[in-house]
Novice: 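There's a structure below that I have some questions on.
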Amino acid sequence: MPPTPKPPAPPNPSNGAIAAAFEELGDLYELDGAIIHRVVAYRSAARAVRDAPVSVAALAREGRATELSGIGETLQQKIVELADTGTLAAAEKLRSRFPPGLIDLTRLPGMGPKRARRLFDELGLASLEALREAAAAQRLRGLRGFGAKFEETVLAALDAGVAERTAPRFLLHRALGQAERLVEGLVAAGGPEVRVEVAGSARRMADSVKDLDIVAAGADPALLTSALAELDVVESCERTGDAGARARAHTGLAIDFRVVEHDQFGNLLQHLTGSKEHNMALREAAVRRGLHVSEYGVLEDASGETHRCSVEEEVYRLLGLAYIEPELRENRGELEAAALDGPGALPELVRAEHLRGDLHCHTVASDGRNTIEQMALAARERGYEYLAITDHSASHGFGNDVSPDELRRQIERVTEANAAIEGIELLAGSEVNIMPDGGLDYDDDLLAELDWVIASVHTAFGMDEREMTDRIITALEHPLVDALGHPTGRLIERRVPYAVALDEVIDAAARTGTMIEINSNPDRRDLAEGPARAAAHAGVPILINSDAHGTNTLSVVRWGVATARRAWLSAANVANTLPYQRFAALRKRAGKG
DNA sequence: GCCGTTTTCGGCCCGACTGTTTTCAGTCG
Ligand SMILES: Nc1nc2c(ncn2[C@H]2C[C@H](O)[C@@H](COP(=O)(O)OP(=O)(O)OP(=O)(O)O)O2)c(=O)[nH]1
Ligand SMILES: [Mg+2]
Ligand SMILES: [Mg+2]
Ligand SMILES: [Zn+2]
């Protein structure tokens, strides 16, 4: 007689769900007045979980989640509790004491957990609406530490709708466009000695940015801040201090501007480039060496001397570290790898000049704007050795479909263009739709006539994770699928990735010899940096592709290169840095299998 | 709550800015 089947274990919570639970619990503990370091521990644990490339719930069940920096025994148990019961008892308890509206209050500028808690305790305020009424009735000023000015700013923020919508983040390419004009204007105003640079998440080439952080030195701060306010891109200056200014561009993008003396420029640039997590870890490590880092210098306990650094390299050198490229400064292992006396090493990051080809672009055959010849010449102009022409496939909508017969003619046209145009190898390819069942929308005979197939999901995004993962893995197992295009379908700040278990997709790509694309469209940058790092680590050849729909967008690989660099990739991880013959041999269809 | 080239306990990055604080707390970056 078979043993009675155990009830199926509930599915493990995703890393995102665990991270959200820790963030919420951190917020609740903060409202509860817990010591701030405990709150910070929850937040850094949340980040460690979110960044982890594997299921942290599965790790915790094996007792191995503590291998992640920031997760100890207590939090490992909480992960198991969340996986087993679907909730955290500690959070349940605190949720019953603090209504959800209380957390909403802290979305207002100047309103943190301490003030929100006092408004709740002393005035019973537990929602934005109740706060508005109390402020309008001038009931806040009766409390110690609150005044008329505070009531004013609360009402102004509520009227401006700050509470309803979260402040939008700007895509990197839009932010950098504005940054260029700001830097130019400040350099023009500051005179020949001035140094101005973009810092913050924009310098780190993040997917999107909350604000533009700009640093300057070598000119009078008052002169620079007034010049900033006068620039045509700047709408208003919100406040000006001795150290800099806070302004807003006409686009709505906030600007953080800081100025120091010329010999502190390296200190300030290092500080304002961040990230916050990188800075905190760097400063903690420095303290252990008897050094104190700030944007003004590095104070040495032993001598009492403050070392000013005019360049960033000097800051890192003082701390016994190799220079760290801005894209790596996220406290994801770069400080350990940079230690000059340690065993690790930083990667030699891939650069745009390394790229020798592009394996995803469109022409007038589907929704592109240029012909095969025009795309080929533009690619050659960029110095490429090869280009794959990959128009959409038979089932693509919007009148951009390419029927099997049309694809046969397209193959002939590519072959002719390849013969006619010197100095670049053209691959006859297709961006083939992955159908809901994982099948492709051309026959294998036709796919075999192509030089290159990149397969992508363009329909039925709403499938559940299991179905979507199986769908994509089925496509990866097809011997004529050379690469997977934009693997999650995300649009940065606009559309979340479809549900898919990327760790399984990455394993399947590694197993089947399928390449994975980083689509460089600045709205996509898909595969994102986290999974791209995991994919490269698993040995999957990565492609940095433009998905250009015209000759003028081949250059968007700049953004894909940025994502690759943030993923710690070197040229050796990126297949389209190879010379053509070696690239061609790496395609699945060229394989000996 | 985490963590360790002085520690398994006692620390935990550092500064700008604001408001009402008579000497600094709270918030933010
Ligand atoms: N040492 C230290 N530096 C910080 C802290 N918070 C922020 N910074 C530094 C590092 C950040 O990159 C820099 C700019 O802050 P931002 O809030 O603008 O963040 P960042 O530009 O990294 O991202 P974002 O603007 O959100 O896209 O200031 C902190 O708590 N400590
Ligand atoms: Mg910023
Ligand atoms: Mg900022
Ligand atoms: Zn596509």
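Hydrogens, waters and symmetry mates are skipped; everything else that's a heavy atom, side chains included, is used.
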Novice: Does B:dC2 have its OP1 or OP2 closer than 4.0 Å to a side-chain nitrogen or oxygen of A:Ser44?
Specialist: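 Indeed not, no polar side-chain atom of A:Ser44 lies that close.
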
Novice: A:Met111 CE to B:dT18 C1': how many Å, rounded?
Specialist: 15 Å

Novice: Using the P atom as the reference point in each nucleotide, state the distance between B:dC14 and B:dC9 in Å, no decimals.
Specialist: 25 Å

Novice: As a test of reading the structure: which of B:dG1, B:dT21, B:dG15 is closest to the side chain of A:Arg38, going by heavy atoms?
Specialist: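 Minimum distance to the A:Arg38 side chain belongs to B:dG1.
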
Novice: Specify the separation, in whole Å, of atom NZ of A:Lys114 and atom C1' of B:dT21.
Specialist: 16 Å

Novice: Do the side chains of A:Asp232 and A:Arg181 get close enough for a salt bridge, i.e. N-O under 4.0 angstrom?
Specialist: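 Yes.
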
Novice: Hey, are A:Asn331 and A:Arg47 close enough side-chain-wise for a donor-acceptor pair under 3.5 Å?
Specialist: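 Side-chain D/A pair, A:Arg47 to A:Asn331: absent.
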
Novice: Can you tell me, in whole Å, how much space there is between the P of B:dG15 and that of B:dT21?
Specialist: 27 Å

Novice: Rounding to the closest angstrom, what is the interatomic distance between B:dT20 and B:dA25 at atom P?
Specialist: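 Their P atoms lie roughly 16 Å apart.
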
Novice: Run A:Arg38 and A:Asp32 through salt bridge (charged side-chain N to carboxylate O under 4.0 Å, His left out) and show every step you take.
Specialist: CA-CA 12 Å; A:Arg38 190 155 156 247; A:Asp32 195 33; over 6 Å; no

Novice: Categorize A:Leu108 for me: base, sugar-phosphate, or nothing, with a 4.0 angstrom heavy-atom threshold over every strand shown.
Specialist: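 Sugar-phosphate only.
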
Novice: Where each residue is assigned the nucleotide of DNA chain B containing its nearest heavy atom, which of A:Thr153 and A:Leu272 is assigned the position nearer the 5′ end?
Specialist: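 Nearest-nucleotide comparison on DNA chain B picks A:Thr153.
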
Novice: Any donor-acceptor pair under 3.5 Å linking the side-chain atoms of A:Tyr42 with those of A:Glu30?
Specialist: no

Novice: Which heavy-atom pair separates A:Gln76 from A:Thr66 by the least distance, and what is that distance?
Specialist: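 Here A:Gln76 and A:Thr66 meet closest at OE1-N, 3.3 Å.
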
Novice: Can you tell me how far P in B:dT7 sits from the matching atom in B:dG11, rounded to whole Å?
Specialist: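 Result for the P pair: 14 Å, nearest Å.
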
Novice: Give the dot-bracket string for DNA chain B, reading 5' to 3', where a pair is Watson-Crick or G-U wobble with both distances under 3.5 Å, ( ) marks pairs inside the strand, [ ] marks pairs crossing earlier ones, | marks a partner on another strand, and . marks unpaired.
Specialist: ((((....)))).((((((....))))))

Novice: Could you measure between the two P atoms, the one in B:dG26 and the one in B:dT22, and give it in whole Å?
Specialist: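 That atom pair is separated by 14 Å.
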
Novice: Which pair of heavy atoms, one from A:Leu28 and one from A:Phe98, lies closest together, and at what distance?
Specialist: O-CE1, 4.1 Å

Novice: Return yes if some donor-acceptor pair links the side-chain N/O of A:Ser275 with the main-chain N/O of A:Arg329 below 3.5 Å, else return no.
Specialist: yes

Novice: Taking everything shown except A:Glu193 itself, do over 12 heavy atoms lie less than 6.0 Å from its CD?
Specialist: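 Not more than 12 within 6.0 Å, no.
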
Novice: One character per nucleotide, please: for nucleotides 3-14 of chain B, 5' to 3', B when the base has a protein heavy atom closer than 4.0 Å, S when only the sugar-phosphate does, - otherwise.
Specialist: S--------BBB

Novice: Among B:dC17, B:dG29, B:dA16, which is the nearest nucleotide to the side chain of A:Lys210?
Specialist: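 Comparing B:dC17, B:dG29, B:dA16 against the side chain of A:Lys210, the answer is B:dG29.
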
Novice: Inspect the surroundings of CD in A:Glu348 and state if more than 12 heavy atoms from other residues, nucleotides or ligands are less than 6.0 Å away.
Specialist: no

Novice: Relative to A:Trp559, does A:Arg525 satisfy both conditions: NZ or CZ under 6.0 angstrom from the six-membered ring centre, and within 45 degrees of the ring's axis?
Specialist: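 Negative - A:Arg525 is either too far from the ring of A:Trp559 or too far off its axis.
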
Novice: Can you tell me how far P of B:dC28 sits from CD1 of A:Ile255, to the nearest Å?
Specialist: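 From A:Ile255 CD1 to B:dC28 P: 21 Å.
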
Novice: Classify the nucleic acid contact of A:Asp256 as base, sugar-phosphate or nothing, counting any heavy atom under 4.0 Å across all strands shown.
Specialist: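 Counting heavy atoms under 4.0 Å across all strands, the contact made by A:Asp256 is with sugar-phosphate only.
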
Novice: Please work out whether B:dT7 sits syn or anti, treating a glycosidic angle within 90° of 0 as syn.
Specialist: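 Base orientation relative to the sugar is syn.
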
Novice: Please report the distance separating the P of B:dG4 from the corresponding atom of B:dC13, rounded so that it comes out in whole Å.
Specialist: 14 Å

Novice: For nucleotides B:dC2 and B:dT6, find the distance between their P atoms and express it as a whole number of Å.
Specialist: 23 Å

